[in-house]
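First listed ligand is number 1; within each ligand, the first listed atom is number 1.
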Amino acid sequence: MPISASENTVTITHQSNSNTSVSISLFGATTLSWKVNGEEKLWLSEKAILDGTKAVRGGIPIVFPRFGPPNPDHAATKALPQHGFARNSKWEFLGQVDPHSAQFGLSPDQLTSDFEKQWPFQFKAILTFTLKETSLDLKFEVENDDTKPWDFTFLCHTYFKIPEISKVEVDGLQKVTYYDQLTKKSEVRDSTVTFDQELDQIYYDVPSQLRIKSENTKLFKIQTNSNLSDAVVWNPWIEKSGSMADFAPHDGYKNMVCVESGHVKKFETLLPKEKWTASVEYTAEN
Ligand code: TA6
C-alpha cells in the first residue's frame, strides 16, 4: 500500500522498496521520518512533542508566513510566534497525487483564532511531498486569496541526521554573504561550513545546489528552485541543546545539522490571486 493514512500521520512507501518511506504528521505537515532503504535520514528529538501543542523538534518543520522571531519592524507579522503558524497548525490531508505523492493543505479556517487575529489574511497553501528511490521532494505553493496584498517569508527547517557533527561540512556556501546570528555580523567565508561550536548563520542568494558531507563522503544533496534563494545553517551545540526541554538526547546535537532552504532575505509580496511556488529536493547520497 504505497500511501497509508492514520488519524494524524500519512506514510508514503516506495513501491519498489518497502524500506523506503516518508511519514508526515498533519501537525504542521511536519515530516517526522524519511527512510531510504531502512536508514533514517532525518533527526527527530526523542522528546519531540507530536500532539500539535508545540512545533516538532526535528524532521522538517515548515516555516510560514515568517522566519525568525517576532519583529516590530514588520507590522503584519509582529504578533506571530517565532517561525510563524504553519508548523503549529493542523494541515488537511488532501490525498494522493500518484502512488508516491501526497498533498496537504492549510487555509485560514484551519488556524486557531489567535493565529487568525495575528495574521488576518486570506491564503491557500498546498504542500506536495514526493518520495523517490533515494530522494524526497517538497513543493510549497501558496496563493493570495485576499482582496489586498500581503507578504511573507518561507523556510523548510530541515534537521538532517548525520554521523558526527565535528566531521561534517556544508559545501556550496563559499563566497556567499551570510549574517551570523550569534556575532550579529555579516561575513563571507572561503571555506566550507564546519562545526566546532554553536552555529547559527543565514546565507543570502545561495547556489541552487548544496551538499552535506562527512569526511569527504557525500551525505545529502539539496537542490532548490529559484524561489529558495537563501539558506540557514544551524547547530545548537552543547549549551543551547541543553537549554531546550524538547531536545533529547542532550548530546543529540552531535548527530544533527539543520540546513534550511528558504526565502528569508526579504518579505515576498503577493497581490490578490497571485501564486508563489518553492521546491526543494533532498537526495541521500550515501
Ligand atoms: O534554525 C535557525 C533558528 O532560527 C535558530 O535561531 C534557532 O532558534 C532555531 O531556528 C530553532 O528555533 P525554534 O523556534 O524551533 O526553537
Could you walk me through whether Asp145 and Lys124 pass the side-chain contact (heavy atoms from CB on, under 4.5 Å) check?
CA-CA 7 Å; Asp145 272 0; Lys124 188 185 297 142; 3.6 Å; yes
Ligand 1 and His83, any nitrogen or oxygen pair closer than 3.5 angstrom?
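The answer is yes, given that His83 and ligand 1 share an N or O pair closer than 3.5 Å.
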Do Asp200 and ligand 1 have an N or O pair less than 3.5 Å apart?
yes
Side chain, backbone, both or neither: Arg57 near ligand 1, heavy atoms under 4.0 Å
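For Arg57, only side-chain atoms sit under 4.0 Å from ligand 1.
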Closest protein heavy atom to [atom], given as residue, atom name and distance to 0.1 Å:
atom                   : answer
atom 9 (C) of ligand 1 : His157 NE2, 3.5 Å
atom 1 (O) of ligand 1 : Glu260 OE2, 2.7 Å
atom 8 (O) of ligand 1 : Gln82 NE2, 3.4 Å

Of the listed options Val232, Leu199, Leu155, closest to atom 2 (C) of ligand 1 (non-hydrogen atoms)
Val232
Ring centroids only, cut at 6.0 angstrom: are [X] and [Y] within range, meaning strictly under it?
X      : Y      : result
Phe160 : Trp43  : no
Phe152 : Phe123 : no
Tyr178 : Tyr204 : no

Which atoms of ligand 1 are found less than 4.0 Å from any heavy atom of Gln181?
6 (O)
Arg87 neighbourhood, listing ligand 1 atoms whose heavy-atom distance to it stays under 4.0 Å:
13 (P), 14 (O), 15 (O)
Exercise: do Tyr179 and Gln181 side chains pair donor with acceptor under 3.5 Å
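Absent: no donor and acceptor within the cut-off.
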side-chain contact (heavy atoms from CB on, under 4.5 Å) between Asp200 and Asp180, worked out
CA-CA 6 Å; Asp200 191 349; Asp180 190 306; 5.6 Å; no
Verify the neighbour count for atom NZ of Lys221: are there more than 12 heavy atoms of other residues, nucleotides or ligands below 6.0 Å?
yes
